[in-house]
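Beneath this line is the structure, given in structure tokens, with notes to follow.
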There are 2 protein chains.
Amino acid sequence: MSDVAARAGVSHQTVSRVLNGHPHVSPTTRTRVLAAIAELGYRRNLSARVLATGRSNVVGVVAQNTTLYGPSSMVQAIGEAALGADLSLTVGHIAGYDATAASRRIVERLVQQGAAGLVFIAPVDAAAEAMRLVPPGIPIVTVDGLPEWQVTNVSVDQHAGGLLATRHLLAHGHRTVWHVAGPEQWHGSRAREAGWRAALAEAGVQAPPMLRAGWSAASGYQCGRMLARIPDCTAIFAANDHVALGLMRALAEHGRRVPDDVSLVGFDDVPEAAYFHPALTTIRQEFADVGRQALRLLLDQLVAGTRTAASALVEPILVDRDTVAAPRRHQDAPQRQEAPQPREAPQPQEAPQRQKVPQPQEALPRDRSS
Amino acid sequence: MSDVAARAGVSHQTVSRVLNGHPHVSPTTRTRVLAAIAELGYRRNLSARVLATGRSNVVGVVAQNTTLYGPSSMVQAIGEAALGADLSLTVGHIAGYDATAASRRIVERLVQQGAAGLVFIAPVDAAAEAMRLVPPGIPIVTVDGLPEWQVTNVSVDQHAGGLLATRHLLAHGHRTVWHVAGPEQWHGSRAREAGWRAALAEAGVQAPPMLRAGWSAASGYQCGRMLARIPDCTAIFAANDHVALGLMRALAEHGRRVPDDVSLVGFDDVPEAAYFHPALTTIRQEFADVGRQALRLLLDQLVAGTRTAASALVEPILVDRDTVAAPRRHQDAPQRQEAPQPREAPQPQEAPQRQKVPQPQEALPRDRSS
DNA sequence: GGACGAAATGTGAACGCAAACATGCGCGGT
DNA sequence: ACCGCGCATGTTTGCGTTCACATTTCGTCC
């Protein structure tokens with residue numbers, strides 16, 4: 001910086017003023033300084049700046065399972081929003097599911113780095129523990145956190161999602177709705193389950209036993225192998241879209257057609273859900289919206305200078321596609337089970353009127369993979 | 001720090017020594033200092049440290065399209081490897097596809113932050129441009145970069161992947177293989193296309209016209225609507241698994257069965273590919289491996305203190321599942337096209353011997369979504 | 001034309017740490 | 001008994017900024 005000052009024939013302080021856009025700098029010196037900066041290829045040292053000012057404009061994000069669609073979408077959205085707010089982002093990626101030690105290290109580092117604020121993507125309790133390590137002065141926002149943590153939180157209303165899915169299935173005339181839930185540790189799983197139970201209760205039907213899956217197609221497949229053997233099971237609410245995919249495969253292998261024999265609702269609305277076979281009816285979570293709101297709430301705290309306990313809920317929406325139909329008449333079902341040709345096609349063109357082009361304007365903007 | 005020193009009854013320098021694990025500190029003072037640190041909840045200021053030492057242990061990652069499976073897996077792997085190497089990671093997420101401006105800002109910031117090294121996930125040219133802004137002193141590794149950039153690079157051997165896929169289809173007796181390519185700007189797309197052409201050439205067959213898709217199921221679906229009308233098209237090599245999914249749907253809607261009427265090979269091996277309907281034969285990219293190698297190569301440069309131009313190639317592997325079969329005899333095909341019942345089921349249980357359980361031990365460890 | 005005030009610029013110190021150098025202590029060897 | 005060496009610790013300085021304050025310059029009003 002003093003090199004620049006020397007070259008421009010001014011003091012270092014004037015250079016600093018130019019750099020920070022302070023007033024009381026004459027246009028001529030400003031251009032002279034700017035020219036010197038350009039000629040020397042000078043870049044200000046952010047560490048020194050942080051040291052001198054005591055504040056930084058970096059926001060830390062603590063996330064796990066960032067290969068999953070939800071977390072990665074949210075991190076991406078937070079990143080974009082941060083860029084817009086002229087903040088820089090440091091993302092700490094926690095490996096694996098249980099990760100208290102890893103998250104502790106990450107938080108520790110983020111704090112030492114002087115992060116101005118922290119966003120915890122905390123769909124499981126592990127992340128909450130590390131939150132204690134954050135000095136009270138620095139603002140926090142959780143995503144998918146728990147209200148009892150008493151910090152600003154934003155999440156999708158998972159309970160409403162469970163309600164939506166279950167009601168949708170019941171409205172088509174199903175006696176009851178089965179549920180393949182996600183991992184127990186995830187808050188979202190529990191809330192969706194609660195929503196499912198609530199919808200069942202309000203319809204006055206008893207909840208069938210619940211199955212537990214991971215988030216993967218593989219675990220959905222395992223659950224599906226069980227459910228396919230239960231003739232009474234005509235409607236399933238799946239933990240997420242990939243679990244639904246695994247379910248569909250298992251059902252197909254057992255000759256149970258979707259949606260003719262069993263109806264299915266997923267969760268998330270991953271971009272490819274519209275192209276499953278058949279196209280998946282699902283509950284859409286607007287992850288990008290969640291990420292943006294998280295950053296906004298953090299920003300609010302940053303300018304206020306204090307932690308708050310505000311919160312935002314993003315409403316999920318039902319995306320109706322081809323995996324939900326009215327159940328077949330009850331007497332048909334056993335008849336079908338005893339049919340000699342057990343391995344039949346799972347409904348491809350049998351109901352051509354459902355064969356709508358899967359809304360390209362809806363699915364196109366969201367590209368995945370490779 | 002001086003507070004700690006005062007409390008422990010030593011000088012600040014001794015505290016510093018303890019913090020950095022320097023020798024020549026007696027065990028008793030060490031424990032005393034440690035105790036004082038714990039009591040005071042002291043945390044060293046990383047900015048000051050960076051300022052004083054001139055070196056930082058943060059690695060910058062410049063990435064775009066981090067919601068895609070590939071990039072997110074790689075970022076995740078880099079993050080885990082970095083944690084292991086006691087480095088911290090700053091991830092700059094570039095929004096959208098064209099992003100020279102955004103990447104420039106991100107690089108600028110990373111450099112100012114004093115990043116010790118940079119990883120560019122650069123599957124398109126946009127990222128390369130910003131690479132010029134990095135001062136020559138600081139090491140760079142690109143992922144999916146181009147050899148002519150003259151920097152250390154690691155990528156999956158996409159050419160070999162194209163070769164693998166095309167040869168596999170040809171080996172099953174297909175006259176030729178069609179290709180639905182990914183976006184032209186992506187280096188990987190071009191390399192896969194080249195591999196496809198090479199395999200075709202070595203078999204002495206002419207390349208059919210090539211289709212261009214995005215990475216999404218939606219764009220695959222659009223391409224599939226065209227290909228489904230071409231009776232000669234019996235084998236397709238898809239840009240990636242999601243494109244393959246879209247293709248499968250379009251083919252099914254036109255009554256063309258996979259693999260009976262047309263065989264299909266995808267790319268990536270996303271966790272749910274084994275649960276597509278039918279299970280997708282695909283080329284697996286070991287993204288996590290790529291990420292780890294990238295960090296290793298960066299580390300090598302960090303200790304060497306110079307940029308190098310080493311590089312690593314990760315070999316893709318063919319994962320054979322249920323979407324590739326021998327083509328039907330030629331006289332069968334037209335007969336099928338003229339059949340009065342045009343909308344028939346796309347091969348569910350007709351070939352039960354292919355109905356293998358989709359290797360749960362392979363798909364289980366990789367959980368996605370929500 | 002002088003005084004006053006605002007604008008423009010400069011000066012010194014401090015931020016928290018680590019590196020280099022300086023000091024004090026105890027030990028063993030001749 | 002003395003010297004010298006190595007270990008343990010303290011002191012000083014500087015990293016590149018910004019901040020608070022001091023100083024100079026310029027325009028303007030009476």
Side-chain angles (χ1 to χ4, degrees), chain A residues 1-37 40-58 86 88 108-116 135 137-138, chain B residues 1-37 40-58 86 88 108-116 135 137-138:
Chain A
M1 185 150 140
S2 50
D3 293 353
V4 173
R7 177 154 196 134
V10 297
S11 77
H12 61 120
Q13 176 61 343
T14 304
V15 177
S16 172
R17 273 194 268 260
V18 171
L19 247 28
N20 295 313
H22 279 202
H24 306 322
V25 176
S26 79
T28 60
T29 41
R30 163 169 286 116
T31 56
R32 208 139 39 89
V33 168
L34 254 24
I37 287 174
L40 264 42
Y42 163 79
R43 284 168 163 123
R44 69 142 58 91
N45 181 324
L46 238 33
S47 295
R49 182 183 159 90
V50 169
L51 181 60
T53 58
R55 54 207 139 72
S56 81
N57 56 354
V58 352
D86 204 51
S88 132
E108 198 64 41
R109 176 123 44 178
L110 253 20
V111 170
Q112 288 183 8
Q113 242 169 33
I138 111 171
Chain B
M1 185 149 142
S2 50
D3 293 353
V4 173
R7 177 151 195 139
V10 296
S11 79
H12 59 121
Q13 177 61 341
T14 303
V15 176
S16 171
R17 274 194 267 260
V18 170
L19 247 28
N20 295 313
H22 278 204
H24 308 321
V25 175
S26 77
T28 60
T29 40
R30 163 169 287 117
T31 55
R32 206 138 41 88
V33 169
L34 255 24
I37 287 175
L40 263 42
Y42 162 79
R43 284 168 165 123
R44 73 142 51 84
N45 181 325
L46 238 31
S47 297
R49 181 186 161 90
V50 169
L51 182 59
T53 59
R55 55 207 138 73
S56 81
N57 56 355
V58 352
D86 206 50
S88 132
E108 199 64 43
R109 177 122 44 178
L110 252 21
V111 169
Q112 288 182 9
Q113 242 170 32
I138 112 171

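Just so we're on the same page: letters track the sequence lines, and every chain starts at 1.
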What is the distance from [atom1] of [X] to [atom2] of [N], rounded to the nearest Å?
X: A:Arg49; N: C:dC17; atom1: CZ; atom2: P; answer: 20 Å
X: A:Leu51; N: D:dC19; atom1: CG; atom2: P; answer: 12 Å
X: B:Leu46; N: C:dC17; atom1: CG; atom2: C1'; answer: 11 Å
X: B:His22; N: C:dC17; atom1: NE2; atom2: P; answer: 14 Å
X: A:Gln113; N: C:dG16; atom1: CD; atom2: P; answer: 17 Å
X: B:His24; N: C:dA22; atom1: NE2; atom2: C1'; answer: 15 Å
X: B:His12; N: C:dA19; atom1: NE2; atom2: C1'; answer: 11 Å
X: B:Arg43; N: C:dC15; atom1: CZ; atom2: P; answer: 21 Å

Degree of bending in the helix from C:dG1-D:dC30 to C:dT30-D:dA1 once both end axes are built from five pairs, to 10°: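 End axes: 40° apart.
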Can you confirm whether [X] sits close enough to [Y] that some side-chain heavy atom of one is under 4.5 Å from a side-chain heavy atom of the other?
X: A:Arg17; Y: A:Arg30; answer: no
X: A:Asn57; Y: A:Arg49; answer: no
X: A:Arg44; Y: A:Met1; answer: no
X: A:Val4; Y: A:Arg7; answer: no

Minimum-distance nucleotide (side-chain atoms of A:Gln13 versus D:dG10, C:dG16, C:dG10):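 Taking heavy atoms from C-beta onward, the closest nucleotide is C:dG10.
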Side chain of B:Arg17 - closest among D:dG10, D:dT17, C:dA18: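 When the side chain of B:Arg17 is considered, D:dG10 is the closest of D:dG10, D:dT17, C:dA18.
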Contact class for [X] vs. all strands (heavy atom < 4.0 Å): base, sugar-phosphate, or nothing?
X: A:Arg44; answer: sugar-phosphate
X: A:Met1; answer: base
X: B:Val25; answer: sugar-phosphate
X: A:Thr29; answer: sugar-phosphate
X: A:Thr53; answer: sugar-phosphate

Looking at [N], I'd like to know if its phosphate oxygens (OP1 or OP2) sit under 4.0 Å from a side-chain N or O belonging to [X].
X: A:Asn20; N: D:dT18; answer: yes
X: A:Thr14; N: C:dG10; answer: yes
X: B:Ser16; N: C:dA18; answer: yes
X: A:Arg55; N: D:dT17; answer: no

Stepwise side chain to side chain contact (heavy atoms under 4.5 Å, CB included) test for B:Val10 and B:Val18: CA-CA 11 Å; B:Val10 296; B:Val18 170; over 6 Å; no
Approximate separation, where rounding is to 0.5 Å, of B:Arg32 CZ and B:Ile37 CD1: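 One gets 12.5 Å once the value is rounded to the nearest 0.5 Å.
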Atom pair CG (B:Asn20) and OG1 (B:Thr53), whose distance is rounded to the nearest 0.5 Å: 9.0 Å
Non-neighbouring partners of A:Val58 that pass side-chain contact (heavy atoms from CB on, under 4.5 Å), sequence neighbours left out: A:Ser56, A:Ser88, A:Thr90, A:Ala115, B:Gln113
